[in-house]
Number of protein chains: 2
Amino acid sequence: MTTTSWLDGLRAERPGLGRASTSGRVADVLRARITEGHLRPGTRLSEEDIGAALGVSRNTLREAFRLLGHERLLVHEFNRGVFVRELTVDDVRDLYQLRRILECGAVRRAAERRRAGSSDDRWAELLAPVREAVEEGEAAAAREQWVEVGTANMHFHQAVAALAQSPRVSEAMGHLLAELRLVFHVMDAPQAFHLAYLPENRTILELLAAGDLDAAESVMAAYLDAAEAQLIGAFAAARES
Amino acid sequence: MTTTSWLDGLRAERPGLGRASTSGRVADVLRARITEGHLRPGTRLSEEDIGAALGVSRNTLREAFRLLGHERLLVHEFNRGVFVRELTVDDVRDLYQLRRILECGAVRRAAERRRAGSSDDRWAELLAPVREAVEEGEAAAAREQWVEVGTANMHFHQAVAALAQSPRVSEAMGHLLAELRLVFHVMDAPQAFHLAYLPENRTILELLAAGDLDAAESVMAAYLDAAEAQLIGAFAAARES
DNA sequence: CATGAGGGATTGTTGAACAATCCGTCAATA
DNA sequence: TATTGACGGATTGTTCAACAATCCCTCATG
């Protein structure tokens with residue numbers, strides 16, 4: 001049975017589990033397993049098995065499940081248990097709709113503040129995380145470290161959302177990206193997927209730095225449209241097999 | 001053909017069926033108490049007292065607390081308990097920043113779809129909930145039912161967010177408005193606050209209906225700026241006493 | 001006045017228990 | 001054969017009681 005294989009993997013995480021809220025740390029472990037693709041969508045998470053593997057009680061585990069349920073990484077079916085979320089094509093469309101609103105909105109809000117008279121220094125400071133993420137991605141690509149290219153891409157979009165300077169926008173973006181990672185794993189080569197958009201990231205950064213914020217916003221919108229289409233295509237293809 | 005319509009109809013009933021969860025119902029009760037102002041911000045919620053009052057066990061109550069914690073209505077301090085959230089001025093600013101992005105973004109997304117060739121009928125259908133909310137507010141004001149004016153105003157903004165046709169945007173807007181209700185109660189006359197913006201709602205509706213979406217968006221932005229300033233003013237005043 | 005040591009109260013977590021519910025199996029029936 | 005209905009094992013939903021960990025208040029001491 002394949003279930004025991006990742007249960008053993010979970011058991012290995014057990015020692016690193018010693019401080020702060022138990023349920024929170026259990027949630028961290030499971031979240032990592034899910035977003036990294038070790039727990040496939042649709043997998044049912046047995047309270048008894050996982051509780052035994054991690055050495056926590058059912059009640060504590062349930063709190064962790066509830067946490068991840070609210071982050072939409074797990075779905076909870078009454079009297080049936082919790083399952084790793086399976087995204088539908090509609091979910092992917094919805095996620096990209098939200099991305100368009102959050103990311104383009106963040107750029108737009110930053111633009112308004114810049115026009116309202118923020119200094120050049122302040123603007124450069126605000127843009128620094130975006131620049132770092134772009135360079136991180138290019139460096140990783142040069143070293144052919146494809147996994148790092150993917151995380152750098154995540155950092156880029158998180159940094160763009162952070163331009164709104166709103167904790168809630170950043171948090172929403174974080175949850176959104178975590179949810180999206182559920183669907184990246186259905187593709188054959190998720191690395192190539194992210195790689196293709198590195199030049200776009202650089203373009204957006206340069207437009208932002210140059211103050212051409214309308215152009216940055218529309219490039220971002222086009223980027224999201226293209227990525228959505230490509231992802232849905234790969235998704236539908238994987239659905240057939 | 002007829003079979004699928006049956007099935008779709010049943011599918012719509014599905015969420016109402018699984019609603020037997022005790023913790024969920026406990027959360028509903030507490031959420032109502034909080035948003036209606038019966039539980040003041042800062043109040044500590046004792047597990048034992050509330051569990052006894054509602055006749056549920058501590059474990060079940062804890063699940064309800066986690067639920068509301070994720071909706072940001074409660075804050076959970078480790079080893080200290082849960083408290084009704086106290087919003088700061090920064091929180092209010094952040095909430096309005098998010099509102100600007102979500103509501104203006106929803107209008108903008110709807111506008112793009114309309115320009116991309118959606119029919120007049122489809123557009124009127126999409127706008128119907130917004131119109132209903134506006135009329136609901138005006139009718140309540142005519143009857144001098146101020147509480148209903150407030151809820152109608154909530155419905156209006158929820159309906160505007162729904163223009164994005166995105167479940168996640170709608171849910172985020174719902175959480176946002178619930179959180180905002182925490183701060184409405186610090187004002188002397190929350191009724192008058194909502195009343196003042198009824199004409200604005202009507203204006204935005206008419207602009208949307210006329211297809212002048214850029215104007216609608218900028219009126220909305222101005223509305224949010226004004227409401228934010230007024231709310232922060234009242235908030236700072238209440239803070240002094 | 002500051003400081004540190006009890007002590008009571010509350011939360012964090014566990015384990016067990018029982019009821020409710022789901023799911024697969026299998027026999028009965030048309 | 002296909003459908004129905006009943007049975008039983010397995011899993012979840014919920015509660016309860018207990019103990020450890022932590023916080024907060026009080027009070028004695030310097």
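Everything numeric here is computed off the predicted structure, so don't read it as measured data. Lettering of chains follows the sequences in order, A, B, ..., and the numbering in each one begins at 1. Note that these values count all heavy atoms, side chains included, but never hydrogens, waters or copies made by symmetry.
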Query - Length of the CG-P vector between A:Asn79 and C:dT21, whole Å - result: 7 Å
Query raised in the report: What integer distance in Å separates A:Glu48:CD from D:dA10:P?
Result: 10 Å
Query - A:Arg66 CZ - D:dT12 P separation (whole Å) - result: 14 Å
Query - B:Arg62 vs C:dG12: side-chain N/O to OP1/OP2 distance below 4.0 Å - result: yes
Report task. For B:Tyr96, enumerate each residue passing the ring pair (Phe, Tyr, Trp, His ring centres under 6.0 Å) test, keeping only those at least two apart in sequence or located in another chain. Result -> none
Query raised in the report: Within this structure, what is the CZ-to-P distance between B:Phe78 and D:dA21, rounded to whole angstrom?
Result: 12 Å
**Report entry** Phosphate contact (D:dT22 OP1 or OP2) by B:Arg80 side-chain N/O below 4.0 Å
**Finding:** no
Requested in this report: List the steps, then state whether side chain to side chain donor-acceptor pair (under 3.5 Å) holds for B:His157 with B:Tyr197.
Outcome: CA-CA 12 Å; B:His157 290 283; B:Tyr197 293 106; over 6 Å; no
Requested in this report: Take the protein atom CZ of A:Arg44 and the nucleotide atom P of C:dG24, then report the distance between them rounded to whole Å.
Outcome: 11 Å
Query - Interatomic distance, B:Glu47 CD vs D:dC16 P [rounded to whole Å] - result: 14 Å
At a cut-off of 3.5 Å, list every protein nitrogen or oxygen paired with a nitrogen or oxygen from nucleotides 14-18 of chain C, distance to 0.1 Å.
unit_1: C:dT14; atom_1: OP2; unit_2: A:Ser57; atom_2: N; d: 3.2
unit_1: C:dT14; atom_1: OP2; unit_2: A:Ser57; atom_2: OG; d: 3.2
unit_1: C:dT14; atom_1: OP2; unit_2: A:Thr60; atom_2: OG1; d: 2.3
unit_1: C:dG15; atom_1: O6; unit_2: A:Asn59; atom_2: ND2; d: 2.7
unit_1: C:dA17; atom_1: N6; unit_2: A:Arg58; atom_2: NH1; d: 3.4

Requested in this report: Side-chain contact test, heavy atoms from C-beta onward, threshold under 4.5 Å: evaluate it for A:Leu176 versus A:Leu180 and give yes or no.
Outcome: yes
Query raised in the report: Side chains of A:Arg66 and B:Ser23: donor-acceptor distance under 3.5 Å anywhere?
Result: yes
**Report entry** Check: B:Val82 and B:Glu47 side chains under 4.5 Å, non-hydrogen atoms
**Finding:** no
Report summary line: What one should report as the nearest heavy-atom pair of B:Arg168 and A:Asp94 is NH1-OD2, 2.9 Å
Report task. Indicate whether OP1 or OP2 belonging to D:dG13 is found under 4.0 Å from a side-chain N or O atom of A:His76. Result -> yes
Query raised in the report: Tell me: CD of B:Glu77 to C1' of D:dC23, nearest whole Å?
Result: 11 Å
